[in-house]
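Given the structure is predicted, the values throughout are model-derived calculations rather than measurements. Note on naming: letters A, B, ... go to the chains in the order of the sequence lines (proteins, then strands), and numbering restarts at 1 for each one.
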Amino acid sequence: MLWKVVTSHLARYKKQIALIVVFQFIATIAALLLPSLNADIIDNGVVTGDTGYIMRVGGVMLGVSFTQVVCSIVAVFFAARAAMGFGRDLRTSVFRRVGTFSSREVALFGAPSLITRNTNDVQQIQMLVMMTFTLMVMAPIMMVGGIFMALREDVGLSWLVAVAVPILGVSLAVLISRMLPAYRLMQARIDTVNRVLREQATGIRVLRAFVREPLETERFAKANQELTDVSLTVGRWMAAMFPVVLLILNLATVAVLWFGGQRIDTGAMEIGSMTAYLTYLIQILMSVMMATFTIVMVPRASVSADRVGEVLETESSVVPPTNGISDVSMHGTVEFRNAEVTYPGAEQPVIRDISFTARAGETTAIIGSTGAGKTTLVNLIPRMFDATGGSVLVDGVDVKELDPDFLWNRIGLVPQKPYLFTGTVASNLRYGKPDATEDEMWRALTIAQARDFVEAMPEGLDAPISQGGTNVSGGQRQRLSIARAIIREPEIYIFDDSFSALDLATDAALRRSLTPVTAMSTVIVVAQRVSTVKDADRIVVLDQGRIVGMGRHEELLTNCETYIEIVESQRLAEVGS
Amino acid sequence: MSDNTLKKTERIVAQGGPGRGPGGGLVAQKATSFSASGRRLVRLLAPERLKVSFVFIFAIASVALAAIGPRILGRATDIVFAGAVGKQFPAGMTKQQAIDAARALGNDQVADMLEGVDMVPGVGIDFEALATVLLIVIAIYVGSSILSFLQGYLLNDVVQNTIYQLRSDVEDKLNRLPLSYFDRQPRGELLSRVTNDIDNVSQSLQQTMSQLLTSILTVGFVVVMMFLISPSLALVALITVPVAMVVAGLVMKRSQTRFVDQWRSTGTLNARVEEAFTGHSLVKVFGRQDEVNAAFEEENEQLYEASAGAQFLSGLIMPIMMFVGNLNYVIIAVLGGLRVASGTMSLGDVQAFIQYSRRFTQPITQIASMVNLLQSGVASAERVFELLDAEEEKPEEHDAVTIDDPHGRVEFENVSFRYEPNEPLIDDLSMSVEPGQTVAIVGPTGAGKTTLVNLLMRFYEIDGGRITLDGVDITEMRRSGLRSRIGMVLQDTWLFHGTIRDNIAYGRPDATDEEIVAAAKAAFVDRFVHSLPDGYDTVIDDEASNISAGEKQLITIARAFLAQPSLLILDEATSSVDTRTELLVQHAMAALRSQRTSFVIAHRLSTIRDADLILVMENGSIVESGTHDELIHERGAYWRLYNAQFAGAAV
C-alpha cells in the first residue's frame, strides 16, 4: 500500500525527482572526490612545502566543495518542494475522497479517525518521502561510488568492505529493532500520563467533591512510574547506539591499517592508496547508516499508508446518479415506501416497513424513545445514506435518481446536534443561503427567536462563532441552526429533535412564528416532547424501528398504547412527582 | 465583567470530555527570564548530584580518549610509512647513506622527506610495533566507547528521574491549587502546561544533555590539542568558528520562523479538516462542498509553502557547514605547508592538526542546533515553573473538627463573596436550612447558579461571614471531611473514563458489589445495565453512544445513593433526555432528596413550587429569596421568570 500511495501521488513530480537524482549524483561524486584531493594536498603540497601547489589544488578542492554545496542545496530545494507537494496532494486526495462519502462511511471510520488519517498519517508518509529524497537517493550512489573508488585503490582489501558493512548493518538493525517497540510503548504511556493529568485538570471539581485526590495521585504515580520505566529502556538503547557505531567505524580503521600494512609490506599496495581506502570505507559505512535510518521510518509510514489507502479505496455507498433528474412536477412531497435500513454487519434492521407520505403544507411529527430509529429515518431523505430496502421518494422521484444538488437545495435540515462552523453569525447563516442579505438574516433570526441575543452581542451579525459553536449556549446554537435552515426557504424542513435545548416558553414562541413561514412547505419534526408534536397533521410513532401508530394527537390517544405511555410520562413530569 | 467571569466559570464546569490544548505554539515562545529558569532547571538535577558528577567524569574521559585516538593512530601510519620507505633501500645501508644517495641523485625532496622518517633501510614494516600501537588504539577506542555508553546510561537515569519528579510535583500541585486558579486559567492553556510543556522539557533534556555535553567537551579537547601542536595555527583555525556559528545561527533563525509558520498552518488546516469532517452531513445537505474544498485547498497550499520553506532552510545547514569545514581545511593546509617549507613544523604535526580541525565543525553545528532545542525546552520549563509557583489553597486547620452525627442543618450567616475584588456577588446573605429541607436555586442560564455550590463545597473561600454545617463553621472542617458529607448530581460530565461499576463506586471506593447493585437499583441504573453487553463493566467514554445522556445522569444519582451524603446538591438540567428516562431521573432524584437537605439547581416547576426556600439569581447575585407564594406575591424577578418560563407551558 505504501508503494501504491507514494507512486500514485509522486507521478506529477517526475521532473523534480529526476533533478533531485541528478544533483544528488553530482554532489555525491564531488563528496567522493574530496578525499583524494585532501590526500593530494598533503602528499604533494604540504610534504614538499609547495604552497603554490597547495593553493592550486586547494582552489580545485574549494571548487569541488562549492559544486557539492550548490548541488546539495539545489537537490534539497527540489526535494523539499516535491516531498511537501506530495503531502499536499495526498491531503487533497483524502479530503476530496471523504467529501464524496455518505454519513455511513464517515460513521464507519469515525470522524476523529478520518481527521488523523488526513493530517498526521499523511505527515508520516511525507516525512519518509523527504528522507528518501535527501538520504536514500544519496546512500546508494555514495555506497556504489565508495566501493568503486575503494576497489580502484586496492582490490585485495575489498573483503574488509564485505565484512564491515554487514556488521554495521546488523548491529544497527538489532539496536533499532529493540528500540522501536519500546519507543512505541513509550509514546502510548506518555499518552496515558497526559490523559490522567488532563482528567485531573478538567475534572478537578468532581475529584474534590468526592475527595478522590489520594486515589488519583496513586493512579498518576503508577502511570508516571510505568512511563519512566519504559523511557529508561529507550534511553539505554539510545545510549548504546552512538558508542557502538563509533566503535565499529574505529575498528574498521584499525583493520585497514593492519591488513593494509601487510599488503604494503609485500608491495601489493601503495601507501597513499591505504589512506584513501580508509576514507572510502568510512564513507561506505556512513551511507549504510543513512540508509538504515531511513529504513527505520518505513514500518511506521507503511502503517500510515495503509490507513490512508483504506480511505482512498473506500467507495461511497451513496452514489450520485449519472444523469440526475432535476425536473419534477410535484413540490415538497416526501414518501417512504417500505423503507428499511440495516447497518453493515448488523443482524436486525434499524428501521423497517416504514411507509408514509408527508405533503406540502403539512407537519409530520415523528416521536419515539431513544434508539427507536427516528434520526435514521429522516437521514434517508437527504441521502445521508441510502435505504437498504424499499425506497424514499421526493416529489415522486426516488431520491437515488435525483440530482444531489437539486435534492439538497430543497431541504432545510436542523440536525440533532446543532453544529455551527467557525466564522461569524452571518457566515453561518450564509451556509444556508450564500447570497443572503442582512435583512433576510435578521428576518430568519427573528423567526428562530435568535434576534435578541444576536443583537445583544457587540458585533451583531459579525459576532464570532468558534468551531462547533462552543462559544454560544446550547439553546442559542440550536436557534442559530434553525435560522440557518429557515433562510434557505426550503420546500422540505427537517427538524431533528431541534427544540430540546430550548425552554418551554421559547419553544412555544418559536413554533408560533414558524407556522406562517412553513405554511407552504413540508415539515418533518422529530421530537421528544408531546407538546411539540401534538398540533401536527400527522404523528408517526416509532418503537424499535417500526411504526406502531400514525394519526393525529386525539386519534393516537385512543388507539396507540406507546403514544399514550409517552403522554402519560410527560404529564407526570409537568405536574410533579 | 463579573458576568463574563461567571459565564466562564459555568462553562468550565459544564465542559465535557478532554479537549485538546493548543499545541505547537511553544516554539514561538521566548524565554523571558531565560537564565533564571535555566538555572532552576539545572537545580532540579540536584538530587542526582552523585550520578551527575560521574556523568561528567565519564564524559571527559571518553572524549579525551577519543581525542587522543587519531594522534596514536598517526603513529601507526608512521610505522607503516617507515617500513614502506625502508624496504626500498638495500639492507645494511644506514639512513644517512640513503639520504646522501638521494641528494647525490639530485633528489633533494626525497632526501628531506627521508630525514623526517624513522626508517631503517632494508627493513620492512615492524609488525610487532604496529601490532602494539594498534592494540593500544583498539584499547583506547573500546575504552572511549564504554565510557561514552556509561555516560549516556547514567545521564538517561538522571534525566528520567528528574522528569519523573517534575511530573509528580506538577500533579501534587494540581491538588493544592485553589479552584479559582482552574476557573481563571483557560483550560487549554493549563492542559498545555501539564502535558505539552512537560513533554517538551523532557524531550529537550533527553536529547540535548548528552549531545551538548560531548559536543562541548569535544570542541574543548580539540582546541586544546590544536593549541598543543601549534598555537598560531590554532588561532587561525578558530577564526572559522564564529563564521560557522553565525552562518548556522542565521540559517536556523530563518528556518525556525518557517517552522513556526508550518506549525501554525498545520493547526489551521487541522481545524479546517476537523470542522469539515465533523459537520460532514451539513456540508453536504447545505451544498457547500465546493466552498469547503476551496478553503481547504487554500490552507493546504499555505501549509505547503511554509513546510517546503522550512524543510529547505533546515536542509541548508549541513552542506553549508561542510563547505565552511573545507574552507578551513584549505587555509590550514596552505599555512601548514608554508610552515613545513620553512622547517618550523613537522609533517606529522601538520597532518595531525588537519585531522583535528576536521573534527571541529561537526560538533559546532550540533551545539548550535542543541542551543535551539534547549531554548524551547527552557521556555517550556518556565511555564511549568509558573504553574508550580502559583498560589496554593489555604492550608487546612490543624485541629480540624469532625461531625459525628450529621443532620444536614446549613446556615449562612452574613455571607459575602466576590470573584473579583470590586464586584460583590453575594452581599450579607443569611439563611438557615433545616435538615431535610429543599432549597431551589432558580435563574436564567449564566446567572451564576454554581456560585452557591462553589461556596458550600468550599471550592472558593468566602470573603465575609460564615457558613455552618450542623453548627460547625465549614472552614474549621477538613475540606475532605466536608465534601464527603455532600453528594452532588450534576450533568453527565461528572462521569469519568471507566466502567459503570467504577463510576458508581466513585464516591465510596470501598463499597461492596451488593451495595453498588443496591444503589444502581434505587437509581434505575440496574435496568438498563442489563441490556448492555458488558453489564456493569461497560466502559463509559466520550464515544459511549450506547448510554444516553439521561442514563448517564442516572449513574451519577446511583453514585450519590451509594455515598449516603447528609447534604445534596442537584442539577435538574437535562437536555435531550428522552421522556421515559426523564421520568426515571425525576423519580430517582425525588427518592434521593427525601430526608436529606438539598440544594437544587431547579428547572422543574414542581420542584420549585414545593421547595422550602427559593433563591432567585440574576447576573451572579441573589436578588430574591422566599417561598413560591411569597415571591409570586412580591411580583418581582421570580414572578417575571415564572411567567416567562412556566405560565405558557402550564396551559
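Among Asp265(A), Asn118(A), Thr119(A), the residue with the largest count of heavy-atom pairs under 4.5 Å with chain B is Asp265(A). The candidate with the highest count of non-hydrogen atom pairs below 4.5 Å against chain B, out of Gly110(A), Pro404(A), Gly58(A), is Gly58(A). No other option in Gly99(A), Ser103(A), Gly59(A), Pro382(A) has as many heavy-atom pairs under 4.5 Å with chain B as Gly99(A). Heavy-atom pairs under 4.5 Å with chain B were tallied for Ser65(A), Ala83(A), Gly432(A); the largest tally goes to Ser65(A). Put simply, of Leu179(B), Leu174(B), Val137(B), the one with the most heavy-atom pairs under 4.5 Å next to chain A is Leu179(B). Across Gly152(B), Ala308(B), Gly287(B), the residue that shares the most heavy-atom pairs under 4.5 angstrom with chain A is Ala308(B). By number of non-hydrogen pairs under 4.5 angstrom with chain A, the leading residue of Asp157(B), Leu316(B), Val159(B), Ile486(B) is Asp157(B). Heavy-atom pairs under 4.5 Å with chain A were tallied for Phe323(B), Phe312(B), Tyr304(B), Tyr153(B); the largest tally goes to Tyr304(B). Per-residue counts of heavy-atom pairs under 4.5 Å with chain B were compared for Ile264(A), Leu227(A), Thr217(A); the largest is that of Thr217(A). Of the listed residues (Leu197(A), Ile204(A), Leu114(A)), the greatest number of heavy-atom pairs within a distance under 4.5 Å of chain B belongs to Ile204(A). Options Arg479(B), Glu305(B), Glu301(B) differ in how many heavy-atom pairs under 4.5 Å they form with chain A, and the most are formed by Glu301(B). For the set Leu282(B), Thr214(B), Ile320(B), Ile569(B), the entry with the most heavy-atom pairs within less than 4.5 Å of chain A is Leu282(B).
Side-chain contact, Asn300(B) with Arg91(A): a donor N or O sits under 3.5 Å from an acceptor N or O.
Interface remark: Gln289(B) contributes side-chain atoms only to the contact with chain A (heavy atom separation under 4.5 Å). Interface remark: Ala66(B) contributes no atoms to any contact with chain A (heavy atom separation under 4.5 Å). Interface residue Gln68(A): only side-chain heavy atoms are found under 4.5 Å from chain B. Using a 4.5 Å cut-off between heavy atoms, Glu297(B) contacts chain A through its side chain alone, with no backbone atom that close. Interface remark: Leu215(A) contributes side-chain atoms only to the contact with chain B (heavy atom separation under 4.5 Å). Proximity to chain B involves both the backbone and the side chain of Gln262(A), based on heavy atoms less than 4.5 angstrom apart. In this structure, chain B has no heavy atom under 4.5 Å from any part of Val234(A). At a 4.5 Å heavy-atom cutoff, the contact between Leu269(B) and chain A is made by side-chain atoms alone.
For the residue pair Leu207(A) and Tyr506(B), the shortest heavy atom distance occurs at CD2-OH, 3.3 Å. Closest approach of Leu247(A) to Ser145(B), counting heavy atoms only: CB-OG, 3.5 Å. The minimum heavy-atom distance linking Ala209(A) with Met488(B) is given by the pair CB-SD, 3.7 Å. What you find for Glu274(B) and Tyr419(A) is that their closest heavy atoms are O-OH, 4.3 Å. Across every non-hydrogen atom of Val98(A) and Phe277(B), the tightest pair is CG1-CE1, 3.4 Å. Contact detail for Arg208(A) and Arg483(B): the closest heavy-atom pair is O-CD, 2.9 Å.
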Checklist entry - Can Phe286(B) and Trp408(A) be said to form a side chain to side chain contact (heavy atoms under 4.5 Å, CB included), step by step? => result CA-CA 6 Å; Phe286(B) 283 95; Trp408(A) 291 331; over 6 Å; no
Checklist entry - Asn293(B) and Phe95(A): side chain to side chain contact (heavy atoms under 4.5 Å, CB included), yes or no, with the steps? => result CA-CA 8 Å; Asn293(B) 281 350; Phe95(A) 191 81; 3.2 Å; yes
Next on the checklist: The test is side chain to side chain contact (heavy atoms under 4.5 Å, CB included); show your working for Tyr141(B) and Thr253(A) and say whether it passes.
Outcome noted: CA-CA 11 Å; Tyr141(B) 281 145; Thr253(A) 317; 5.7 Å; no
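Between the His280(B) side chain and the Ala111(A) main chain, no donor and acceptor come within less than 3.5 Å of each other. Under a 3.5 Å cut-off, the side chain of Arg383(A) and the backbone N or O of Val285(B) do not form any donor-acceptor pair. Formation of a donor-acceptor pair under 3.5 Å by the Glu171(B) side chain with backbone atoms of Phe220(A) is not found in this model.
Cation-pi contact between Arg288(B) and Tyr431(A): present, with separation from the ring centre below 6.0 Å and deviation from the ring axis of at most 45°.
The CG atom of Asp199(B) lies 4.5 Å from the CG atom of Asn194(A); values are rounded to the nearest 0.5 Å. In this structure, the separation between OG on Ser62(B) and CG on Leu246(A) is 8.5 Å, given to the nearest 0.5 Å. Here the NZ atom belonging to Lys284(B) is positioned 13.5 Å from the CG atom belonging to Leu413(A), to the nearest 0.5 angstrom. Separation of atoms OG (Ser210(B)) and CE (Met238(A)) is listed at 9.5 Å; rounding is to 0.5 Å. With rounding to the nearest 0.5 angstrom, the CG atom of Leu257(A) is 6.0 Å from the CG atom of Leu134(B). For the atom pair Asn250(A) CG and Leu73(B) CG, the distance stands at 8.5 Å (nearest 0.5 Å).
Aromatic pair Phe242(A)/Phe149(B): ring centres not closer than 6.0 Å.
Heavy-atom contacts from other residues, nucleotides or ligands closer than 6.0 Å to CE of Met457(B) number more than 12. Within a 6.0 Å radius of CE in Met55(A), no more than 12 heavy atoms belonging to other residues, nucleotides or ligands are found.
Taking the side chain as every heavy atom from C-beta outward, Gln200(A) and Asn175(B) approach each other to under 4.5 Å.
In this structure, Trp258(A) and Phe127(B) have perpendicular ring planes: the angle between them is above 60°, well past the 30° mark.
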